[in-house]
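Accompanying notes for the structure given below.
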Amino acid sequence: MRQAPGEAAPLPMARDRLFDPAGELGRLRERAPLSRLRYRDGEVGWLVTSHALARAVLTDARFSLRSMRPFPVEDPVRHAAVQEVLDREHVNVGNLLAMDPPEHTRLRRVLAGQFSI
């Protein structure tokens, strides 16, 4: 898979074995730890395969989780229709992983005891 600068390549989905990731993902990791990809539903995102880059992205306030959408495992058209309704109605589906501080921090503190022994 070759992509022009600034162009988003399609997310590699072809697998040799059912539970193994697509082989092209490994090749992308070797060539570039950061790649723009177009998902099946047409959304464009980033594939980050370097630990250092992942830490940088996850700790940088410029990257908001508010735009995070669940990956459309099923039909992308159906997924888009459901998401449109959720967005229009301002429905928060309660995904702690999709929240930014300060809401995330407040709820994490409230729930932390539920994840420890």
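Not measured: the values here are computed from a predicted model.
Not one N or O on the side chain of Thr105 forms a donor-acceptor pair closer than 3.5 Å with the backbone of Pro101.
Summarising the geometry of Leu11 relative to Tyr39, their closest heavy-atom pair is CD2-CD2, 3.6 Å, with the distance given to 0.1 Å. Contact between Pro12 and Ala22 at its shortest, heavy atoms only, is O-CB, 3.6 Å. Shown here for Val44 and Ala8, the closest heavy-atom pair between the two residues is CG1-CB, 3.8 Å.
With sequence neighbours excluded, the residues forming a salt bridge (charged side-chain N to carboxylate O under 4.0 Å, His left out) with Asp20 are Arg17, listed by chain and number.
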(request) Would you please test Arg15 and Glu24 for salt bridge (charged side-chain N to carboxylate O under 4.0 Å, His left out) and show each step? (result) CA-CA 9 Å; Arg15 299 167 184 241; Glu24 183 61 25; over 6 Å; no
(request) With side-chain contact (heavy atoms from CB on, under 4.5 Å) as the test, would you mind laying out the steps for Thr49 and Leu25 before giving the verdict? (result) CA-CA 9 Å; Thr49 61; Leu25 290 172; over 6 Å; no
(request) Show the numbers, then the answer: is there a side-chain contact (heavy atoms from CB on, under 4.5 Å) between Trp46 and Leu34? (result) CA-CA 7 Å; Trp46 294 92; Leu34 183 66; 3.8 Å; yes
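Residues Leu28 and Leu37 have side chains in contact (heavy-atom distance under 4.5 Å, counting atoms from C-beta outward).
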